[in-house]
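Only one structure is covered here, and it is reproduced in the block below.
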Protein chains: 2
Amino acid sequence: MVAGDTIVSTLQRHGYRITAPRRGMARLIAERQGHFTAEDLLRASRRQRAGLGRATVFRSLELLASLDLVERVDLPSGEHAYVSCEPAHHHHLVCSGCGRAVGVEEGDLDAALREIGRRTGYQIDSHRLELFGLCATCQRADSKVN
Amino acid sequence: MVAGDTIVSTLQRHGYRITAPRRGMARLIAERQGHFTAEDLLRASRRQRAGLGRATVFRSLELLASLDLVERVDLPSGEHAYVSCEPAHHHHLVCSGCGRAVGVEEGDLDAALREIGRRTGYQIDSHRLELFGLCATCQRADSKVN
DNA sequence: GGCTTGTTGCGACTCAGTCTCGATAAATGG
DNA sequence: CCATTTATCGAGACTGAGTCGCAACAAGCC
């Protein structure tokens, strides 16, 4: 998760203009829990009469992704979604119950990847790991229901 | 990689009808190296006058994926592609030079995932790992060019 | 051979995402 | 403050992947 202010100031620091639509995007993203699609933002902005253009939403997401303020994840369904995140860690564990995501540090994974590279002879230069499961809260909710 | 015959016999074993279009798909997939998109197959089939319908190609890929004869991967570009594979191992390391893919066994990865689950409190129930890099051959080709 | 029913292909359709372009408005400097 | 420059925006047309409905077809089975 990122605060809207972080988004705005990061844009500013990189020399991008701070416009009303961009403030709007920052706010919409900040108030979101878990992952969201471009369409989600579009609908939410319409609901709030903020009325962002379709192109603007896509362009902004692309921009924010390039600044690591947001990361794109491909859900198992094939849908493209985004999660907001502090610039730094690079994988997400997404809850299939509530959609909330937490960051995962490389750590252990790194060693595993190096080993795979060694065994296959490939020079691994990029990877994407997406993890899905139930967060602690949803696990509890789930066991009550059953 | 799978042989076309494996595809056909697996379909048969699961009670699906062996039709000309399905034989065609099996052949097209068998002759493919590396990852391919639905569109690739479609174009190839047209080129060979096999003329599969668009819907058929999508439907067959879905079917083959459900039998683990083929697996869907999402390329970094966001494109949806498929790689053919023996039913069993579940990750692929895709060469960004030639597109050729090799399977990766879970092994080390498993331990890393368990550790992540423990730390975050999530009950991880599915994951997708996609690895991209240069295979040994492309590394050699590459170093010659530079 | 005839029947049943899974499979096919066509074409119309949907929906995400892109592109173009004229209008708008941030930032900057005087 | 105002003027200038130029990044950004929005509308809407467009593209291309993937889906759907349906009538025609043909595997598999007797």
Side-chain angles (χ1 to χ4, degrees), chain A residues 7-29 35-67 69-82, chain B residues 7-29 35-67 69-82:
Chain A
I7 296 181
V8 172
S9 63
T10 306
L11 284 172
Q12 201 156 38
R13 185 151 26 83
H14 284 80
Y16 293 103
R17 291 190 183 171
I18 305 308
T19 66
R22 282 181 180 163
R23 283 184 200 284
M25 286 284 295
R27 197 167 40 74
L28 286 173
I29 291 175
H35 54 83
F36 54 89
T37 65
E39 224 47 40
D40 288 338
L41 293 186
L42 212 38
R43 246 174 299 138
S45 86
R46 237 177 268 137
R47 214 177 309 124
Q48 305 183 5
R49 272 176 217 63
L52 298 175
R54 193 205 289 327
T56 304
V57 170
F58 282 100
R59 279 186 293 227
S60 301
L61 282 174
E62 193 185 338
L63 176 60
L64 297 183
S66 78
L67 297 174
L69 287 166
V70 119
E71 183 167 359
R72 188 166 153 177
V73 297
D74 297 308
L75 304 183
S77 67
E79 266 187 308
H80 295 153
Y82 292 84
Chain B
I7 296 181
V8 172
S9 62
T10 306
L11 283 173
Q12 201 154 40
R13 185 150 26 85
H14 284 80
Y16 293 102
R17 289 189 183 169
I18 306 307
T19 64
R22 284 181 179 164
R23 281 185 201 285
M25 285 284 296
R27 197 167 38 74
L28 286 174
I29 290 175
H35 55 81
F36 53 88
T37 64
E39 223 46 41
D40 289 338
L41 293 186
L42 213 38
R43 247 175 297 137
S45 87
R46 237 177 268 136
R47 214 177 309 125
Q48 302 183 9
R49 268 176 219 65
L52 299 175
R54 191 206 286 334
T56 304
V57 170
F58 283 99
R59 279 185 292 228
S60 302
L61 283 174
E62 194 184 336
L63 176 60
L64 297 184
S66 78
L67 297 174
L69 286 165
V70 118
E71 183 167 359
R72 190 165 151 176
V73 296
D74 296 308
L75 304 183
S77 66
E79 266 187 309
H80 296 155
Y82 292 84

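Values in this document were obtained by computation on a predicted structure and should not be read as measured data. Lettering follows sequence order; numbering is per chain, from 1.
Atom P of nucleotide D:dG18 and atom CG of A:Asp74 are separated by 12 Å, given to the nearest angstrom. Between B:Leu61 atom CG and C:dT8 atom C1' there is a gap of 15 Å when expressed in whole angstrom units. One interatomic measurement links the two molecules: CG of B:Leu41 to C1' of D:dG18, which rounds to 14 Å at whole-angstrom precision. The CZ-P distance, from B:Arg43 to D:dG18, rounds to 12 Å in whole Å. Atom CG of A:Leu42 is separated from atom P of D:dG10 by 10 Å (rounded to the nearest Å). Atom CD of A:Gln12 and atom C1' of C:dA26 are 11 Å apart (whole Å). One interatomic measurement links the two molecules: CG of B:Leu11 to P of D:dA27, which rounds to 14 Å at whole-angstrom precision.
At least one side-chain heavy atom of A:Asp40 sits under 4.5 Å from a side-chain heavy atom of A:Arg43. Here the side chains of A:Val70 and A:Phe36 are in contact, with some heavy-atom distance below 4.5 Å. Between B:Gln12 and B:Tyr16, every side-chain heavy-atom pair lies at or beyond the 4.5 Å cut-off.
Considering all non-hydrogen atoms of both residues, A:Met25 and A:Leu41 come closest at CE-CD1, 3.9 Å.
A centroid separation of 6.0 Å or more is found between the aromatic rings of B:His35 and B:His80.
Contacts of residues 14-22 of chain A with DNA chain C (heavy atom under 4.0 Å): A:Arg17, A:Ile18.
For B:Arg23, the salt bridge (charged side-chain N to carboxylate O under 4.0 Å, His left out) test picks out no residue, with sequence neighbours left out.
Without hydrogens or angle criteria, B:Ser60 side chain to B:Thr56 main chain gives a donor-acceptor distance under 3.5 Å.
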Just the table, please: protein N/O against nucleotides 15-20 of chain C N/O, every pair under 3.5 Å.
unit_1: C:dG17; atom_1: OP1; unit_2: A:His80; atom_2: ND1; d: 3.0

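Between the CG atom in B:Leu52 and the CG atom in B:Leu28 there is a gap of 6.5 Å [rounded to 0.5 Å].
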